[in-house]
Engineer: 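First the structure, which I've put down as structure tokens, then a few questions once you've had a look.
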Amino acid sequence: MYSDYVKSDFRSFKSDKQFITAPIYYVNGAPHLGHLYTSIAVDILHRFMSIFGESYFSIGTDEHGQKVEQSAQKNNCEVQKYVDDMYAPFHQLMKVANIQYDSFIRTSSEKHKSNVLHFWNKLLDSGDTYEDSYKGWYATRDEQFYAEDEVEDRYIKNSKRKVAKISGSPVEWMEEKCTFFKLSKYNDELLDYYKKNKSLIGPNARYNEVIGMLEARIPDLAITRSRFSWGISCGNGQVIYVWVDALSNYITAMGDNVDYWINDMIHIIGKDILKFHAIYWPALLLSTGYPMPKRIYAHGWWTVNEDKMSKSLGNVVEPFDLIEKYGIDPVRYCIMREMSFGQDGDFSHDRMKNRVNTELVNVIGNLVQRVLAFTWKEFGETLTINDLEDQDLELLKNWDECLENSFEAMKKQQIHVYLEEVRKVIVKTNQYIDFTAPWKCESEEKKRILAVGIECIKRLALIIYPVMPGSSEKILEMIGCDCKISNWFVPLQQKALDKPSGLFNRI
RNA sequence: UGCGGGAUAGAGCAGUCUGGUUAGCUCGUCAGGUUCAUAACCUGAAGGUCGUAGGUUCGAAUCCUGCUCCCGCAACCA
């Protein structure tokens, strides 16, 4: 009996509370595939853990800095007006991509500004700042100073220029009075902490990078700028360094519940901003007396047809077009399947199309369709699971394993493992249908097999909810089930079925 | 020079941190089966000395060392 199986096999899944963050996106350009990817990844992690426990998800836009100010000037636009315009498509993207954030922070908002000043004052009170005049090579493009050994002469268009070795950006000798943060003071503390908490930074390659940076020693950090004014003013004609401003968004996002969430802070970032999140930010938190992040996980970058995605190559993948063309659920699924979360990956329309047709239409959509259409034709309503044969039990246990393995994987941000687990159990279910061949069976047996089948469809819908919420809800509505993981073991009630329609369209 | 990433069947990847049964998966190819299903599904087969040379080990794709090759390091930028 199904009830015996449930009694003997019931597992309760409970996740730790988490505050999960996506980066805030710099509004100095239009959203592209990378922004979409990061947002979806965090959304999936958030939705998944929300099923089992508490999760809070923040995202937003980074709107300050010299480059934004310059772009606005170039466009003859008042800066606030300019960032309002630039912010809009990012915000719109959240809607069309079905990103279910709890908090969207704009760094130019009053709420954020006052929060940053509060954070700033804590920093000044910590005794970890000092005034000094900065003499050094400044690259406007990088918004950053470089030391003497970090610059070199290079010939650009036949003229000799000093440039930063790392970025190649032109530098100028600058002297400016600014406030410094004693970052170097935290060098060893961070190193020690990370060596004791190896799983704090992932994937492993990124962990090694951070250890390398710390072992090479980190100098103090200039945390004010006076060359431009588009930022949060801290007096004396100076503005707060954009990264202090930007990183503080995570505090702003928590609002009045900082104490409640901050212990459980998980940062999902792109690999380019690892240093800021794994070194600057934790040091700032230590200085101001906040706890350390629980996890920092950096994902990889996209190439497009093996080329780097770039405006000059003209191969930037435009997220709105993508969603328009394939639909949001296929996009969410495919771009997460396309790369192991943490590695780099390549995008191509050919592979996208192939994946939609094979995995979504042929495997997932087809399973749902064959079970529901058959049941609809034969019985006209959903079936309540009751008696079980060994093979039925085995299949249900496969689904339980899938849930458990997915859960374990997602605790470690292994989104690709979760999706692979789901795919595997769906294949098993297709095998089961073929093996039991209900179309050849007598009525009672047919009913039993289809009841098991529908039970699997229900579980399928529940488990794909984080990655394809729209499709999940569509299935659940057809079979009359609420989207709650507690329904995993709860048998479906009888409900009249309509003629099922396809879940995904072949391309 | 340097820094970082990579090298696993025709293609795309997982596995490498925490060494251990015949190295997995998807797509593609070939041969069967099936008809409930959006010509979808299922079974089977071919195809890899896990870049290379050493080392550690009872045992290495996995750890260590040398080497080769590929990619990125102007800007936008997750």
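Remember, predicted model here, so these are calculated numbers, not experimental data.
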Engineer: Name the nucleic acid region contacted by A:Gly345, choosing base, sugar-phosphate or nothing; use a 4.0 angstrom heavy-atom cut-off, strictly under.
Structural biologist: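 Nothing, no nucleic acid heavy atom in range.
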Engineer: Classify the nucleic acid contact of A:Lys377 as base, sugar-phosphate or nothing, counting any heavy atom under 4.0 Å across all strands shown.
Structural biologist: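 Sugar-phosphate, no base atom in range.
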Engineer: Below 6.0 angstrom between ring centroids: does that apply to A:Tyr87 and A:Phe90?
Structural biologist: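 When the ring centroids of A:Tyr87 and A:Phe90 are compared, they turn out to be at least 6.0 Å apart.
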Engineer: Name the closest nucleotide to the A:Trp439 side chain, picking from B:G4, B:U34, B:C77.
Structural biologist: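 Closest nucleotide to the A:Trp439 side chain: B:U34.
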Engineer: At under 4.0 Å between heavy atoms, what does A:Gly502 touch on the DNA or RNA strands: base, sugar-phosphate, or nothing?
Structural biologist: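 The residue A:Gly502 makes base contact.
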Engineer: Would you indicate what A:Asn362 reaches in the nucleic acid, counting non-hydrogen atoms under 4.0 angstrom: base, sugar-phosphate, or nothing?
Structural biologist: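 Result for A:Asn362 = sugar-phosphate.
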Engineer: Which residues pass the side-chain hydrogen bond (donor to acceptor under 3.5 Å, both in side chains) test with A:His267, sequence neighbours left out?
Structural biologist: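 Here the qualifying residues are A:Thr21, A:Trp281.
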Engineer: When Watson-Crick pairs (N1 to N3 and N6-O4 or O6-N4) and G-U wobble pairs (N1-O2 and O6-N3) count only below 3.5 Å on both distances, what is the dot-bracket string of RNA chain B, with | for other-strand pairs?
Structural biologist: .(((((((.[[[[.)....(...]]]].(((((.......))))).....[[[[[..)....]]]]])))))).....
Engineer: Which label fits A:Trp243 and A:Phe276: parallel for a plane angle under 30°, tilted from 30 to 60°, or perpendicular past 60°?
Structural biologist: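 Taking A:Phe276 first and then A:Trp243, their aromatic rings lie parallel (interplane angle under 30°).
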Engineer: Classify the ring geometry between A:Tyr241 and A:Tyr280 as parallel (under 30°), tilted (30 to 60°) or perpendicular (over 60°).
Structural biologist: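 Judged by the thresholds at 30° and 60°, the geometry between A:Tyr241 and A:Tyr280 is tilted.
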Engineer: With heavy atoms under 4.0 Å as the rule, sort A:Ile273 into base, sugar-phosphate or nothing.
Structural biologist: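 Sugar-phosphate, backbone atoms only, no base.
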Engineer: According to the 5.5 Å centroid and 30° plane-angle thresholds, does A:Trp301 stack upon the nucleobase of B:A78?
Structural biologist: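 Aromatic stack with B:A78 present for A:Trp301.
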Engineer: Heavy atoms from C-beta onward define the side chain here; which of B:C42, B:A78, B:U38 lies closest to that of A:Gln431?
Structural biologist: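 Closest of the options to the side chain of A:Gln431: B:C42.
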Engineer: Do any N or O atoms of the protein come closer than 3.5 Å to N or O atoms of nucleotides 25-32 of chain B, and which pairs are they?
Structural biologist:
{"residue": "B:C25", "atom": "O2'", "partner": "A:Glu420", "partner atom": "OE2", "Å": "3.3"}
{"residue": "B:C25", "atom": "O2'", "partner": "A:Arg423", "partner atom": "NH2", "Å": "3.3"}
{"residue": "B:C27", "atom": "O2'", "partner": "A:Asn354", "partner atom": "ND2", "Å": "3.2"}

